[in-house]
Amino acid sequence: MEIAMKQEEIQQVQQNLLRWYRKEHRDLPWRRQVSAYRTWVSEIMLQQTRVEAVIPYYERFLAVLPTLRDLALVDDDLLHKLWEGLGYYNRVRNMKKCAQACVEQYDGELPKTYAQLCTLPGIGPYTAGAIASIAYQERVCAVDGNVLRVFSRILANEEDVSKEITKKHYRDYVSAFLPNAEDAGDFNQAIMELGALICMPNKTPDCERCPLSLQCKAHRRGVEDQFPKKGEKKARRVEEYTVLVFVYKNRIALVQRPSKGLLANLYGFPMKEGKLDQKQIVEMYPQSQQIIALHPHVHIFSHVEWHMHAFLIETMDTDHHYHSIEEIEDNYAIPTAYRTFYDAACTWIKMKEGK
């Protein structure tokens, strides 16, 4: 599909969007002091997380790891702790791998071109485009979900945006709208900002406030809410587990997960496949002082749902797996999948201690 827009319309999109962005953009910490490293950290954190939620994580991360070399050398447990609550821990592990590659290959800096950035671990076309355009003023686009949505409406494009081939097409479409290299970073940020504030998902866009309403084909036809086009999602696989939270006095047992698979290398609680009842747990751990059923929890990953049933098991023995709440808060990242059960164990311990 070719862009059926005249050059004058394309220029109007550029001008209107840049004018709007420079007047209306949000004051965000990564925009105040621009660098490739700061842009990269913010873009990875912002994937599937709201801006307001990201800001304190971003500021804490930069305070502890102010340079790419610091990230390359950081201990994995501290790295996970800094990322705790953002989820998708593979992203931050890939960031460390990327930082190490940059130390080895680029003297501790992120490379200055889109093509070089795309060769690094964990950096795909979108992230490379954001860094290259915002930090290095390279004339290259950065196409994320916001950009797909905005341009699907501007072009009234019928292609399924969930397909990889469509995303490739959109990189070509958006590239045709890019202004000069000096303004490319602002243009890319402007589209993302428009998608976040006005041309939003899951609701009718606020076209009256949109600087592109006159150029938007979907708006002119009155069909804004019919875009973007998406195919049906595959149903997530459901996996059922029983989670065992062992407690000795005021200490909670944590186990490290395998190095591959979901939540790799992170700390959590032992899990048994299937839904076990209290009688079965009592038979498995007859020496326990008491066994308490906890509220079940469903945790959703991108393609899998964990349906989790849990028991707090008060034991009479301890080993190196048991840690105080203070030790856990200081040193261990508890994935969101286990957070409900961890919080329940903390509450139980504090009630028992009369706090």
Side-chain angles (χ1 to χ4, degrees), residues 1-25 31 34 39 43 112-115 117-118 124-201 204-230:
M1 173 182 172
E2 294 186 2
I3 301 172
M5 266 197 181
K6 296 177 181 179
Q7 189 60 35
E8 308 90 81
E9 290 181 293
I10 291 175
Q11 290 176 349
Q12 199 65 55
V13 168
Q14 294 171 351
Q15 293 167 7
N16 290 356
L17 194 58
L18 287 170
R19 189 183 303 116
W20 171 83
Y21 174 74
R22 287 165 181 164
K23 182 181 177 182
E24 303 291 342
H25 72 272
R31 291 175 177 165
V34 176
T39 299
E43 289 297 340
K112 290 184 166 62
T113 70
Y114 173 83
L117 288 162
C118 283
Y126 165 73
T127 307
I131 298 167
S133 64
I134 296 168
Y136 295 135
Q137 288 77 55
E138 182 176 353
R139 189 179 180 276
V140 61
C141 66
V143 177
D144 70 349
N146 280 323
V147 178
L148 288 170
R149 181 171 61 260
V150 170
F151 267 89
S152 74
R153 288 169 176 165
I154 290 173
L155 302 173
N157 191 318
E158 299 281 346
E159 293 177 88
D160 180 352
V161 297
S162 62
K163 293 182 177 180
E164 286 303 316
I165 187 64
T166 302
K167 294 172 186 175
K168 182 178 182 300
H169 292 165
Y170 270 86
R171 288 196 287 273
D172 294 335
Y173 302 153
V174 178
S175 294
F177 283 81
L178 283 174
N180 58 55
E182 186 179 340
D183 292 329
D186 277 0
F187 183 85
N188 286 331
Q189 291 182 90
I191 308 169
M192 297 177 221
E193 195 84 338
L194 191 73
L197 301 180
I198 291 178
C199 197
M200 294 178 287
T204 301
D206 190 355
C207 297
E208 290 185 6
R209 293 175 52 223
C210 180
L212 304 182
S213 59
L214 295 179
Q215 290 79 43
C216 179
K217 291 185 177 182
H219 176 62
R220 293 204 302 252
R221 298 172 190 172
V223 291
E224 306 94 331
D225 57 353
Q226 295 180 25
F227 295 91
K229 302 294 186 180
K230 294 182 182 180

A.B. asks: Rounded to the nearest 0.5 Å, how far does CD1 of Ile10 lie from CD of Gln12?
C.D. replies: 12.0 Å
A.B. asks: Distance from Tyr170 atom OH to Leu155 atom CG, nearest 0.5 Å?
C.D. replies: 6.0 Å
A.B. asks: In Å and rounded to the nearest 0.5 Å, what is the SG to CZ distance from Cys216 to Phe227?
C.D. replies: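 The distance works out to 9.0 Å.
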A.B. asks: Nearest 0.5 Å, please: how far is CD1 in Ile154 from CE in Met5?
C.D. replies: 6.5 Å
A.B. asks: Using side chain to side chain contact (heavy atoms under 4.5 Å, CB included) as the criterion, list what pairs up with Thr39, not counting sequence neighbours.
C.D. replies: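 Counting only residues at least two positions away or on another chain, Thr39 forms a side chain to side chain contact (heavy atoms under 4.5 Å, CB included) with Val34, Glu43, Ile131, Ile134, Ala135.
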A.B. asks: What is the distance from atom CD of Gln189 to atom CG of Leu17, rounded to the nearest 0.5 Å?
C.D. replies: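 Going from CD on Gln189 over to CG on Leu17, the span is 11.0 Å.
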A.B. asks: Does Val140 offer a backbone N or O that forms a donor-acceptor pair with the side chain of Asn188 under 3.5 Å?
C.D. replies: yes
A.B. asks: What residue among Gln137, Arg139, Arg22 forms side-chain hydrogen bond (donor to acceptor under 3.5 Å, both in side chains) with Asp183?
C.D. replies: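 Only match with Asp183 under side-chain hydrogen bond (donor to acceptor under 3.5 Å, both in side chains): Arg22.
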A.B. asks: Identify the two heavy atoms, one from Glu138 and one from Tyr114, that lie closest to each other, and give their separation to 0.1 Å.
C.D. replies: OE1-N, 2.8 Å
A.B. asks: Quick one: does Lys229's side chain get under 4.5 Å of Val161's, heavy atoms only?
C.D. replies: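 No - every pair of side-chain heavy atoms lies 4.5 Å or more apart.
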A.B. asks: Tell me, please, which residues at least two apart from Val13 pass side chain to side chain contact (heavy atoms under 4.5 Å, CB included).
C.D. replies: Phe177, Leu212, Gln215
A.B. asks: For Glu159 and Asn157, does a side-chain donor sit closer than 3.5 Å to a side-chain acceptor?
C.D. replies: yes
A.B. asks: Are there over 12 heavy-atom neighbours, none belonging to Lys167, within less than 6.0 Å of that residue's NZ?
C.D. replies: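 Enclosed: over 12 neighbouring heavy atoms sit under 6.0 Å from NZ of Lys167.
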A.B. asks: Just how far is it from atom CE of Met192 to atom CZ of Phe187, taken to the nearest 0.5 Å?
C.D. replies: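 These two atoms lie 10.5 Å from each other.
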A.B. asks: For the residue pair Cys118 and Ala128, what are the closest heavy atoms and their distance?
C.D. replies: SG-CB, 3.6 Å
A.B. asks: Indicate the atoms forming the closest heavy-atom contact of Cys199 with Pro205, along with that distance.
C.D. replies: CA-CB, 4.0 Å
A.B. asks: Considering non-hydrogen atoms only, spot the tightest contact between Ala142 and Val147 and give its length.
C.D. replies: O-CG2, 3.4 Å
A.B. asks: Could you list the residues that satisfy side chain to side chain contact (heavy atoms under 4.5 Å, CB included) with Arg149, not counting sequence neighbours?
C.D. replies: Asn146, Arg153, Pro201, Pro228
A.B. asks: Taking side chain to side chain contact (heavy atoms under 4.5 Å, CB included) as the criterion, tell me which of Ile191, Leu148, Asp172 meets it with Val143.
C.D. replies: Leu148
A.B. asks: Check Lys6 with Glu9, please: is the shortest side-chain N to carboxylate O separation under 4.0 Å?
C.D. replies: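 The answer is no: the pair does not qualify as a salt bridge.
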A.B. asks: Could I get the full list of salt bridge (charged side-chain N to carboxylate O under 4.0 Å, His left out) partners for Arg209, not counting sequence neighbours?
C.D. replies: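 Per chain and number, Arg209 pairs via salt bridge (charged side-chain N to carboxylate O under 4.0 Å, His left out) with Asp206.
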A.B. asks: Under a 4.0 Å threshold between the charged nitrogen and the carboxylate oxygen, would Lys230 count as salt-bridged to Asp160?
C.D. replies: no
A.B. asks: Taking all heavy atoms of Glu224 and all of Cys207, pick out the closest pair and write down the distance.
C.D. replies: OE2-SG, 3.4 Å
A.B. asks: Considering residues at least two apart in sequence or located in another chain, which fulfil the side chain to side chain contact (heavy atoms under 4.5 Å, CB included) criterion with Glu193?
C.D. replies: Trp20, Tyr21, His25, Arg26, Arg31, Leu197
A.B. asks: Looking at residues at least two apart in the chain, or sitting in another chain, which of them share a side chain to side chain donor-acceptor pair (under 3.5 Å) with Ser152?
C.D. replies: none
A.B. asks: Over all heavy atoms of both residues, which pair between Ser213 and Arg220 is shortest? Give the atoms and the distance, please.
C.D. replies: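 What the structure gives for the nearest pair is O-CG, 4.4 Å.
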